Number of protein chains: 2
Amino acid sequence: MSKQDGLYFLPLGGCAEIGMNLNLYAYNDQWLMVDLGISFHDGLGVEVIMPNPQFIVEQKHKLKGLLLTHAHEDHIGAVPYLWDQLRCPLYATPFTAQILRYKLEEAGLLEEAVITEIPLNGSDQIGPFGVQMVRLTHSIPEPNGVLITTPLGKIFHTGDWKLDPKPLVGEATDHEELKKIGDAGVLAMICDSTNSFQEEVSGSEGDVFENLLDVLKKYPTQRIVVSCFASNVARLQSIAKAAAACKRKVAIAGRSFHRMEQASRDNGYLMDLEKFISPAAAANLKDEGVLYICTGSQGEANAALKRIAEDSYRDVRLSAGDVVIFSSREIPGNEKRIGHLKNLLIRKGIHVVTQHEYDIHVSGHPGRQELRQMYEWVRPKIAIPVHGELRHLVEHGKLARKCGVPEVLIADNGSLIRLAPGEAEIVEAVPCGKLGLDGSALIRLDHPVMKERLRLSCDGIVMVSVGFDADLKLLDLPSLTMKGLVNVDNVLMQAGKVVEEALENMSKGDKNNEKTVEDKIAQAVRRLFSTTLDKNPMVIVHLLYG
Amino acid sequence: MSKQDGLYFLPLGGCAEIGMNLNLYAYNDQWLMVDLGISFHDGLGVEVIMPNPQFIVEQKHKLKGLLLTHAHEDHIGAVPYLWDQLRCPLYATPFTAQILRYKLEEAGLLEEAVITEIPLNGSDQIGPFGVQMVRLTHSIPEPNGVLITTPLGKIFHTGDWKLDPKPLVGEATDHEELKKIGDAGVLAMICDSTNSFQEEVSGSEGDVFENLLDVLKKYPTQRIVVSCFASNVARLQSIAKAAAACKRKVAIAGRSFHRMEQASRDNGYLMDLEKFISPAAAANLKDEGVLYICTGSQGEANAALKRIAEDSYRDVRLSAGDVVIFSSREIPGNEKRIGHLKNLLIRKGIHVVTQHEYDIHVSGHPGRQELRQMYEWVRPKIAIPVHGELRHLVEHGKLARKCGVPEVLIADNGSLIRLAPGEAEIVEAVPCGKLGLDGSALIRLDHPVMKERLRLSCDGIVMVSVGFDADLKLLDLPSLTMKGLVNVDNVLMQAGKVVEEALENMSKGDKNNEKTVEDKIAQAVRRLFSTTLDKNPMVIVHLLYG
């Protein structure tokens, strides 16, 4: 059977990893992309990474559209970076479309892209795919599941979701709609696995509001800063509502908050709250009359909270007795940086309040109880867990089986899965990988330059330049420079000597052979650094011939 | 008052940080060092770091001895590296002394060092300091608190401890002795803060044994690997005892385990257990007749468990259905690496069991209930929390105040604290810092080379060599090499051109001035990389003159 004949699912990002989601569906050799996100990378000059879309770029005339489920970075963040390669129609609900427009405008691409807005709970047709947006709850306005209808069956792609009976932003999940979808028959459900190890339900944003209010009341006269993700509009709402209840005006620090506020208000969210002010505008308010919301809960170097802690944020100054509330979780990998930030604050005598002391954070993803409920409603024939590391997918898969799903597939990025006809199976592993933003260029993350950078960062580099005149006599003393190496025992001077010795031991024939000269010099220098310092630097030799 | 007149405490490591403990006490201008540990560093070519002992090295004739409380790396690990600078008498109880001898022998220093063994609960005199070892419980044999007696008062230095009613290795804490110490009057207690945020008691190793046994019984026929820290001899005992109860022989993977076993048996610990075997010797045993204990619970690249997961550990092969038990906690900063390791195992179909599912790990440090108990027994006049990040010390300090301690001081590394006479206070900040093992050299961690390495790892380096003949004409085409940079848009060729252009635009006078030539070339190259790639590489220019 050729690929023309079936219905396929192909994740290129977000499968067996958390972040940078890219999902593809194919029917009759026509493709639909769902989400295109980024993730963050630590070190080696690359901060933003994303899936390598090469597989679909090579057949982009078959790509009928990119549908974005919601406006989080791990779902829409890569659109501006990969736009030039894709240039396909874009689809999103209004709030997501507005955030996307901000991003495209910033990249100077707004004129080029065509965004089709699908209303909340609305439908559209993208090539052979009927798409119906299904309103769920998460931590941002308009998180959508997508019901994809094809002649070979229906797919329910959940996107990011949780069950929140009191979501504060947007309405609660429409249980009846989900049951109806299940009743009509679902071939496959592609579902969020983030919290598949968590038995408990994720918890409600409404409770976070209540608990935040309790914390604020404990510090009636102090200056208060609350840190959360700018994209967590639900949290923004909870914090601002609690602040209003304590007669504090809300000042937001960071452009990303302003954008989220604007897009939210433009689309009818946050409407019961006074407009937020800037920290500069809050300068004349009394401590007890203001609450600052800022970015940087993960200890990021340039974010507002770190700068506040370092006294380098002009408009927010904290001192002993003030309060900083972390209304966030610690993302794995950030623990040390966050600990460092807390220590900085505590050194200034600031009270640090976290979710360890009060329930002031809930996840936006479903725990096992919620997953069970979803399987009960949707009753798919096939379950494919996505949006998680492999261990999350496997754990989610076991749960799906226990929920009675007949077919469960654990996929990797690049696993091309035939959903129909016949039993679902992985039919091919297609090329996939990661791209990283390196300065202004996108490079493959497995590019040899990344290993080179790692080597440079550990062992440094020595460069040697040697010039010969027309008679192959030394033009000048060899030049040597080292970077990333410590001049212990004057090793640089020693290196100069071993280069001279190596040159003295060469015949005229040797000297005429560039490769021989380079190798002998590099070898001698490497040996010296290895024996005297136990280091293994790169050695670059330049030869100039007169 | 001069420093000659008082009793002082000075932490140079382990205060407002976890790891690399170095504590100093001074009386009458004579010094006693307690512990000298290392910590681990991630990246930039440095893996092992330790406190910079310069302050005491500069007056080492006044250093009467180094007393080691127990054999964990963060308490004894730096002795071989700093021995050459210190060369002072060493004191330890027998088990610690043996581990120390292994380390010194490995470094070829055993002949030079004199180690005085103090028996368990024994005493000695080190200069003006009477020292009495006080048996506590922790996770390694012979964890000692030290009661230091001086003419100006007694200090109780706890070292690492917990209260374990069923410790398995060694005896339970001697409550009566601690009460007696309190009755006799303690001026200051210098105490472990690791778990000062944890209300619950740390838990007993005896319970870990019971729970491990339950887990082993769930997998009666499978091949089982248990991972824990090699230095956690208490855990080694629990695991081995549970294995014996299931009629499994214990095979240990890793030289560090062998050392710990040998030192333990030589000193009368682990005596109720059969001698452990090597994985090679276990090769012919049935799956259900062996249990492997291995290092690598933190996902370390070269440790046994990672190699087992990658199928590159010759004598232990796992396959689908086998079991790997993590009997350890996740040390902050290692979460991502550990997650990656778990995913590797799960990909092979291995059951991964962690402390999230079963209580198979307990901490070796006191929770708040235990701290309260200790303050009740010892009743010091002064409390100085150590062995924790700043937030742990501050939290511990609050608790000490609540326990009725009249004076609480929060110290940083380098805080010279006068304990007596008069009220305790920080009288001076003395120089301190970190040393890192860079190849075979110890370098300061704030050495500019560390920033150079970071820069190289992000932005790479371009080297340019230019030769002039005696008439200042170009000898040869300039040579260019770049490392850590991607040749996007053939930027290297472009760089060659901008170098040639820069040279063409120079007067003869310019060319005669090395600095001018270097600056103009470097500037041109930097500008090119900045505009075309948005990268900011180092640029090194070598000029050779005929």
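Each chain gets a letter, A, B and so on, in the order its sequence line appears, and its residues count up from 1. Note that the structure is a prediction, hence the values are computed from the model and not measured.
- B:L454 does not touch chain A: none of its heavy atoms, backbone or side chain, sits under 4.5 Å away.
- In this structure, A:S457 and B:L44 have side chains that are in contact, with non-hydrogen atoms separated by less than 4.5 Å.
- Of the two parts of B:I410, neither the backbone nor the side chain holds a non-hydrogen atom closer than 4.5 Å to a non-hydrogen atom of chain A.
- Among B:H340, B:M463, B:K535, the residue making the largest number of heavy-atom pairs under 4.5 Å with chain A is B:M463.
- Neither the backbone nor the side chain of B:V46 has a heavy atom closer than 4.5 Å to any heavy atom of chain A.
- Per-residue heavy-atom pair counts under 4.5 Å with chain B were compared for A:N487, A:D476, A:D534, and the maximum is reached by A:D476.
- The parts of B:D438 that come within reach of chain A are both its backbone and its side chain, each placing non-hydrogen atoms under 4.5 angstrom from that chain.
- For B:V394, the part lying under 4.5 angstrom from a heavy atom of chain A is the side chain only.
- Using a 4.5 Å cut-off between heavy atoms, A:T532 contacts chain B through its backbone alone, with no side-chain atom that close.
- Ranked by heavy-atom pairs under 4.5 Å with chain B, the first of A:I338, A:V488, A:D469, A:L485 is A:L485.
- Only the backbone of B:L543 comes within less than 4.5 Å of a heavy atom in chain A; its side chain stays farther off.
- Using a 4.5 Å cut-off between heavy atoms, B:V352 does not touch chain A at all.
- Only the side chain of B:A16 comes within less than 4.5 Å of a heavy atom in chain A; its backbone stays farther off.
- Contacts between B:L344 and chain A at a heavy-atom distance below 4.5 Å are absent for every atom of the residue.
- If you measure heavy-atom distances from B:M538 to chain A, the contacts under 4.5 Å come from the side chain alone.
- Looking only at distances, a side-chain donor or acceptor of B:R453 sits under 3.5 Å from a matching main-chain atom of A:G484.
- There is no contact between B:F529 and chain A, counting heavy-atom distances below 4.5 Å.
- Between B:R347 and A:D412 a salt bridge is recorded (basic side-chain N to carboxylate O distance below 4.0 Å).
- Remark: A:S479 pairs with A:S465, B:H542, B:L544 by the side chain to side chain contact (heavy atoms under 4.5 Å, CB included) rule, at least two apart or across chains.
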